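Below is one structure, written out as structure tokens; comments come after it.
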Amino acid sequence: MAPERIAYLDNAASTPLCTEAVEAMAPLHRELYANPTGAHRMARDTRRCIDDARDVMAEALGSAPGEIVFTGGGTEGDNLAVVGRHMQVGGVTVCSAIEHHAVLEPVEHLGGRVVSVDATGVIDLDALAAALDDSVTVVSVMLANNETGMVQPLGQVAEVVRSSASSAVLHTDAVQAFPWLDVASLAADADLISVSAHKFGGPKGVGALVVRDGVELSPLMLGGGQERGLRSGTHNAAGIAGMAAATEVVLKSRSEQVVRLAGLRDRLVDGILAAVPDTVETGARSGKVAGSAHLCFEGIESEALLFLLEDAGVYASAASSCSSGAQDPSHVLAAMGYDRMLAGGSLRLSLGYETADVDIDQALAVIPDAVARLRDYETG
Ligand code: PLP
């Protein structure tokens, strides 16, 4: 039987489109549908919407409007930063061991260096310094991790990069940070910053990459030369307008939402820790973004837990990705030193701007019982 209501606690995976984004996008589908590169009035009006969105993104990310490159989302922005830099100037790429695959895979593919993290999931600055030299041309360190929610010390990372790698630019994947942190100030020292709209109430398949003036990148796609030649292809004007509308919501309500949702997150995690023995909270709560809860339960497998939770209307995810039917252990937990067994019982509960008390009540009513059932079954 289908559950009566859904408690959606998977906002780090994707968020619902906010009303403001829906309203901003609608006219661009039916009234301003021209190709913005055109010469007629409708094209000019469409172009104006894109320019307005560029101003909004620039304010939110602490850049000049001309430094914003609209992309097809976080993966594309990350690849453009890392691969585009490597294609332009060659050299060695470097990233932390806890990066999203959209950074880690390109760095590994290019034969780059991967820097370790400590047991709480924060980059080891000494290891970073040791990995750097004048052959390094791009360093990528995320602002907040997508599994644990741990915020990285980007200012200190920038200092290490400036002092130990004279040819390097610093990229930060701010995809998970944007709903929670003032990216404009925290990433002020980064040369490249990527964000993705669907993580903060905007549509899927659209994002932005800040490319600071003077930072040279090669495009990954060649064609019509849109976005200063860095991202050819007809603009996703509706998506871009939707992202800007969602960004305005973030800028207006972020500080209030952070306080509200940190409170709900704490109630959720404290409630689970009190009710479920042999549970480890990964990372350090004080170092996490407000919407992030991440736990490992001893003696169970996340796949089975997610199945029981779904049955009871709680949608969450594990800190592992499913490829070709097999559960891959989380590279983030492995980098933090978690053994495979404990990492195999991980659960990520991620809150978003639409999360309410009732969602936390539902999760608390369901999760302890589901873990207990699985443990009984394992030992039974
Ligand atoms: N970077 C991080 C930290 C993410 O969490 C994600 C999405 O899960 C991405 C990049 C990829 O973004 P997109 O889904 O827009 O390609």
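Counting convention: from 1, in listed order, for ligands and their atoms alike. Because the structure is predicted, anything quoted here is derived from the model rather than measured.
A search for salt bridge (Lys or Arg N to Asp or Glu O under 4.0 Å) contacts involving D357 returns R267, not counting sequence neighbours. Partners of R228 according to the salt bridge (Lys or Arg N to Asp or Glu O under 4.0 Å) rule, which considers only residues two or more places apart in sequence or in another chain, do not exist here.
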Taking only distance into account, with no hydrogens and no angle test, what donor-acceptor pairs under 3.5 Å do side-chain atoms of residues 362-370 form with protein atoms, sequence neighbours excluded?
unit_1, atom_1, unit_2, atom_2, d
Q362, OE1, R5, NH1, 2.7
Q362, NE2, R5, O, 3.0
Q362, NE2, A312, O, 3.2
Q362, NE2, G313, O, 3.4

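Expressed to the nearest 0.5 Å, how far OG1 of T172 lies from CG of L143 amounts to 5.0 Å.
For E76 and R231, the salt-bridge test passes: some basic side-chain N is under 4.0 Å from an acidic carboxylate O.
For ligand 1, the 4.0 Å heavy-atom shell takes in G73, G74, T75, D78, H100, M142, N146, D173, V175, Q176, S196, H198, K199, ordered by chain and residue number.
Taking the centre and axis of the six-membered ring of F297, the NZ or CZ atom of R375 falls outside the cone set by 45° and 6.0 Å.
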